[in-house]
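Take a look at the structure set out below.
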Amino acid sequence: MASSMLLRRFLCCSNGASVLDPTNKKKQLVFMGSPQVSASVLESLLNASRAPDSIFQLAAIVTQPPSGRGRGKKVMPSPVAQHALDNGFPPDLIFTPERAGEEYFLSDLKALKPELCITAAYGNILPSKFLEIPPYGTVNIHPSLLPLYRGAAPVQRALQDGIKETGVSLVYTVRALDAGPIIACERVDVDEHIKAPELLDKLFDRGSDLLIRELPSIFDGSAKLKAQPQDHSKATLAPKISPEESWLSFEQEALTLHNKVRAFAGWPGTRTKVQVLDENGQCDIVEFKVITTRVFDPVSIGDGKDDITYAAGALVVPCAGHTALEILELQLPGKKVMTSRDFWNGLRGKKLKKVP
């Protein structure tokens, strides 16, 4: 299959947008990203490239192939591709390889003569033959203070650990995972109630600003000189989250569970099961997603207590270590998110207990 057919999937959608001018003297930059959080980075680059004194132009965008999303699994472009199309970016310059090492893709990329590649949650491993193409290298926006939380889920794992501070790093990409020299970083305080989607947005917004500030130094070569090597002995890993991790166990302390709810918000979410008992002692098991929580004020709760009570708009679940978790919002299967007040009222006097 010809490379133009395989990679330039949006060519058929072209609305006549002109191809970028190959005769100008601006630096050629390629952006690589896929999810919605990457779209904010793309927006910053598009705005900066349109400035009269811009030193670069966006030569191409590389993103994940269209995929089925939503209930109907309708095949749709990635959020980054959609954002690019909505902003009039030439469809034939949006590349969607299955893998970044495909020869067709590398050939098309080399033809553009990119001088710098920027990645932000692209979601694909970059092989050495890709990294050798741009003379100014490939720079990644990574949402952690490297070398902490290297890997696929840095924000989620950081929240799961209950960290009070995190940040975003601008780092040169090397073959080893998130291990390249750091150009710059910015620290961000973490609120005890913020969830992963909100923190991701915040960190990539900060990362976008950091990137725009540092682009001149990357293009003039001074960033290479000032970039600091990472202390690999201090590295921690942030492995990909699996759906099996989404279950909550009330055998853990409330703070641990609260942090997990925040960390797994969005995807895969957190789930639990409870017993619903009527006045005759008949028991039904109900499963739901736990959406929003907080840690109950310190009280004396026995570890063996199984009753789930209701107070001040929250389901109060006894947990390990004489702690309790307050569930403020939940979602039953196939239903919209509801408050615990509405859920409790719907029980009509039935009792709740933890599942043994």
Side-chain angles (χ1 to χ4, degrees), residues 37 143-144 149 153-167 187-203 238 241 243 245-276 285-333 335-347 350-356:
V37 290
S144 82
Y149 298 106
V155 171
Q156 294 88 340
R157 297 303 184 186
L159 285 177
Q160 191 177 8
D161 287 345
I163 50 93
K164 303 296 184 185
E165 181 186 64
T166 186
R187 296 179 179 275
V188 174
D189 291 333
V190 179
D191 180 85
E192 63 181 348
H193 296 295
I194 195 170
K195 299 177 183 177
E198 291 81 14
L199 185 55
L200 272 166
D201 287 343
K202 187 174 186 178
L203 291 175
I241 294 169
E245 294 181 77
S246 65
W247 289 101
L248 296 180
S249 169
F250 298 116
E251 301 305 310
Q252 296 178 303
E253 292 192 0
L255 181 58
T256 299
L257 298 177
H258 173 64
N259 288 336
K260 187 173 184 178
V261 170
R262 298 161 58 216
F264 289 16
W267 190 92
T270 45
R271 298 177 290 167
T272 192
K273 293 179 180 180
V274 298
Q275 300 181 78
V276 180
I285 302 298
V286 175
E287 176 186 328
F288 56 78
K289 280 189 173 182
V290 178
I291 304 299
T292 304
T293 58
R294 66 186 175 213
V295 177
F296 197 53
D297 288 337
V299 290
S300 178
I301 297 178
D303 285 331
K305 197 171 182 182
D306 291 330
D307 289 342
I308 299 173
T309 56
Y310 176 82
L315 299 179
V316 183
V317 187
C319 301
H322 302 282
T323 63
L325 183 71
E326 290 186 300
I327 299 175
L328 303 173
E329 292 181 311
L330 56 88
Q331 184 177 20
L332 294 166
K335 304 293 184 179
K336 294 182 178 180
V337 173
M338 65 170 62
T339 65
S340 290
R341 181 188 301 276
D342 289 340
F343 176 74
W344 184 263
N345 289 339
L347 294 176
K350 295 178 181 178
K351 294 182 179 181
L352 289 183
K353 285 183 176 290
K354 296 191 295 185
V355 174

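Counting begins at 1 with the first residue of the sequence. Values below: every heavy atom of this structure, side chains too, minus hydrogens, waters and symmetry copies.
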Can any side-chain N or O of [X] pair as donor or acceptor with the backbone N or O of [Y] at less than 3.5 Å?
X      : Y      : result
Lys195 : Gly266 : no
Gln156 : Gln160 : no
Arg262 : Ile194 : yes
Gln331 : Lys336 : no
Thr270 : Val290 : yes

* To do: State which residue, out of Val155, Val188, Val37, fulfils the side-chain contact (heavy atoms from CB on, under 4.5 Å) condition with Lys202.
  => Val188

* Candidates Leu248, Thr292, Ile291, Thr272 - the one meeting side-chain contact (heavy atoms from CB on, under 4.5 Å) with Val261 -> Leu248

* Asked: Under the side chain to side chain contact (heavy atoms under 4.5 Å, CB included) criterion, do Ile308 and Phe250 qualify, and how do the steps go?
  -> CA-CA 11 Å; Ile308 299 173; Phe250 298 116; 5.6 Å; no

* Dump the intermediate steps for side chain to side chain contact (heavy atoms under 4.5 Å, CB included) on Leu347 and Val276, then the final yes or no. => CA-CA 8 Å; Leu347 294 176; Val276 180; 4.1 Å; yes

* Test Lys289 against Ser246 for side-chain hydrogen bond (donor to acceptor under 3.5 Å, both in side chains), laying out the working first. => CA-CA 9 Å; Lys289 280 189 173 182; Ser246 65; over 6 Å; no

Of all heavy-atom pairs between [X] and [Y], which one has the smallest distance, and what is that distance?
X      : Y      : result
Val337 : Glu329 : CG1-CB, 4.1 Å
Ala254 : Thr323 : N-OG1, 3.0 Å
Gly321 : Glu253 : CA-OE2, 4.1 Å
Asn259 : Gly162 : ND2-CA, 3.5 Å
Ala196 : Ala263 : CB-O, 3.3 Å

As an exercise, state the distance from [atom1] of [X] to [atom2] of [Y], rounded to the nearest 0.5 Å.
X      : Y      : atom1 : atom2 : value
Glu251 : Lys354 : CD    : NZ    : 6.0 Å
Ser340 : Ile327 : OG    : CD1   : 6.0 Å
Leu328 : Thr293 : CG    : OG1   : 7.0 Å

* Give me the ring orientation class for Trp344 and Tyr310: parallel if the planes are under 30° apart, tilted from 30 to 60°, perpendicular past 60°. => parallel

Any side-chain heavy-atom pair of [X] and [Y] under 4.5 Å:
X      : Y      : result
Pro197 : Trp267 : no
Leu203 : Thr166 : yes
Leu330 : Met338 : yes
Leu325 : His258 : yes
Arg271 : Phe264 : no
Val190 : Lys164 : no
Pro268 : Glu245 : no

* To do: Answer yes or no: are there more than 12 heavy-atom neighbours, outside Arg341 itself, under 6.0 Å from its atom CZ?
  =>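 No - once you tally the heavy atoms of other residues, nucleotides and ligands closer than 6.0 Å, there are 12 at most.
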
* Please step through side chain to side chain contact (heavy atoms under 4.5 Å, CB included) for the pair Asp161 and Tyr149, ending with a clear verdict. => CA-CA 11 Å; Asp161 287 345; Tyr149 298 106; 2.7 Å; yes

* Mind running side chain to side chain contact (heavy atoms under 4.5 Å, CB included) on Glu165 and Asp189 for me, showing each step along the way? => CA-CA 4 Å; Glu165 181 186 64; Asp189 291 333; 4.2 Å; yes

